[in-house]
Amino acid sequence: MLITLSVDLGLRSYPILIGSGLLSQAMVLEPYLKHRDVLVVTNDTVGPIYGRPLRGLLGGCRVNTISLPDGERHKTMATVNAVLDALVEGRYGRDAVVVALGGGVVGDIAGFAAAIYQRGVDFLQVPTTLLAQVDSAVGGKTGVNHAGGKNLIGAFHQPLCVLADTDTLQTLPDRELSAGLAEVVKYGLIADAAFLDWIEAHTQSLLQRDPASLRHVIRRSCELKAEIVAQDEREHGRRALLNLGHTFGHAIELHAGYGEWLHGEAVAAGTCMAAAFSQRLGAIDSAAVERIRRLFGRLKLPVDPPPVDPGKFLAAMGMDKKVVAGQIRLVLLDRIGTARISADYAPHDLADFLREQFVR
Ligand code: NAD
Ligand code: GLY
C-alpha cells in the first residue's frame, strides 16, 4: 500500500511517499530524475545493504556514489566538503540531483551539500531510519554540527521528494528504532493527544516492528510535520514546537560527546527535563510528567540526563538556535497535546532547576 502525503509549499511543494517495497518499484523515482546526473550520498553501513536496490531506481541516469564514514561525529564540514569534492570531480552541473540514502546524519549532510553546491541543486531524500522517516527527511532543515553546538551550520533546502521504504526499518538496530520513537512521541506531546494515547497502546507492536503499526506512526508523524512546515517553513513561530526537548537534548549530546548518546535518546531525556521544568513553572501537572517518563521507559529510552555540570550545560543550551537576545526560549508543555514556546521564566529558574534536580 502506497501512502502519498504532500508538503505544501507552493512551487516548492513535494510528496512524501511511504510504503513497503518502494525500493523495488523501478519507476517510482522516474518523475523526479528524468535522466539527470545523480550523486548518491550514503554511508558505510547503509550503502552495502540498500545501495544496489536504489541503483535499480536510477536507470537512465549517470550515477556516482560517495560513501561517508558512519556516525554523528562525522556530521561536520569535512564530510560536506567530501560531497562537494565528489560533485566537482564528477563535473556535475546545476541540473544535478543529490540523493541521500541513509539516516538523518546522511540526509542532513547531503542536503546541506546540495543547498550550497553551485548555489543550490536538487536533492532527494531516501530515509532508512525511523527517525529520518518521521522527522529529519521532511521539512528541509539541512546542516552539520560545530564543536561549539549542534546543527549550528546549515540551510533550509527542501527536497524534490521523500521516499520512505518502510521495509528498510527491519534491518535497523533496536537502539536506533527506539531513538526514532522518541521523535514520534514528540508529535503526540506537542500536537495530538489522541496519537499519544495510540502510541501508549501500541508500544509492544512498535518495538516488535509490526509493519502496520510502523506505517501508522510514520504516516501520522509526517502528516503533522508537513502541516507545521507548510505553516511556518523557516521557523518564525509554530515550527519551533518541533524542538520540544531539543534544547536540553542538544546540550546532552554536546556534553556527552557527539554520538555517545543517540539524538533520539537525548531528545527523550531532554523532553522529560522540559516536562519537569514546565511543571516547575506551574504548567503541566505531575501526573502528566510521570506519564511521559513511563512511556519513554517502555520504549527503552532514557528519562534522565547524565550527571550535569550546570554551568557547562547552560552554556551549551545558550547556543540553541531559539535563543533571542540572550534569552533561552524553551518549548513548554501545558498539557499532553499542547505546547508553547516561552522565555517567560526568571533567569535563575533554569540554573536552579538543573542544580537541584540533575547534579548527582
Ligand atoms: P543516523 O543517521 O546516525 O543513523 C543511525 C544509525 O543507523 C547509523 O549507524 C546508520 O548507519 C544506521 N542505519 C541507517 N539506516 C539503517 C538501516 N535501514 N539498517 C541498518 N542500519 C541503518 O541517525 P538518525 O537517528 O537517523 O538521525 C539523527 C540525526 O538526524 C541527528 O544528527 C539529528 O540532529 C538529525 N535530525 C535532523 C532533523 C532535520 O529536520 N533535519 C530532524 C531530526 C533529527
Ligand atoms: N526537527 C525539527 C524541525 O524540523 O523543525
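Just follow the structure's listing: the first ligand is 1, and inside any ligand the first atom is 1.
Aromatic pair Y32/Y14: centroids not less than 6.0 angstrom apart. In this structure, F277 has its ring center under 6.0 Å from that of Y345. With ring centers used as reference points, F112 lies 6.0 Å or more from H157.
With Y92 as the aromatic partner, R62 meets the cation-pi criteria of under 6.0 angstrom to the ring centre and within 45 degrees of the ring axis.
Taking the six-membered ring where tryptophan is involved, the planes of H246 and H250 are perpendicular, since the angle between them exceeds 60° and thus also 30°.
Test R73, E72, H74 against N145 for side-chain hydrogen bond (donor to acceptor under 3.5 Å, both in side chains) and you get one pass: E72.
A heavy-atom separation below 4.0 Å is found between K225 and ligand 2.
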Pairs under 3.5 Å, nitrogen or oxygen of ligand 1 with protein nitrogen or oxygen:
unit_1, atom_1, unit_2, atom_2, d
ligand 1, 2 (O), G104, N, 3.1
ligand 1, 2 (O), V105, N, 3.0
ligand 1, 9 (O), D70, OD1, 3.1
ligand 1, 9 (O), D70, OD2, 2.8
ligand 1, 11 (O), N43, ND2, 3.0
ligand 1, 11 (O), D70, OD1, 3.1
ligand 1, 11 (O), D70, OD2, 2.9
ligand 1, 15 (N), T128, O, 3.3
ligand 1, 15 (N), T128, OG1, 2.7
ligand 1, 18 (N), T128, O, 3.0
ligand 1, 18 (N), T168, O, 3.0
ligand 1, 18 (N), T171, OG1, 3.3
ligand 1, 19 (N), T171, O, 3.3
ligand 1, 19 (N), T171, OG1, 2.7
ligand 1, 26 (O), G104, N, 2.8
ligand 1, 26 (O), T129, OG1, 2.6
ligand 1, 27 (O), G104, N, 3.2
ligand 1, 32 (O), E72, OE1, 2.7
ligand 1, 32 (O), E72, OE2, 3.1
ligand 1, 32 (O), K75, NZ, 2.9
ligand 1, 32 (O), K150, NZ, 3.2
ligand 1, 34 (O), K75, NZ, 3.2
ligand 1, 34 (O), K150, NZ, 2.8
ligand 1, 41 (N), D108, OD1, 2.9
ligand 1, 41 (N), K141, O, 2.8

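With respect to atom 1 (N) of ligand 2, the closest heavy atom belonging to the protein is D135 OD1, 3.1 Å.
Around CG of D309, the count of heavy atoms belonging to other residues, nucleotides or ligands within 6.0 Å exceeds 12.
An N or O contact shorter than 3.5 Å links K141 to ligand 2 by distance.
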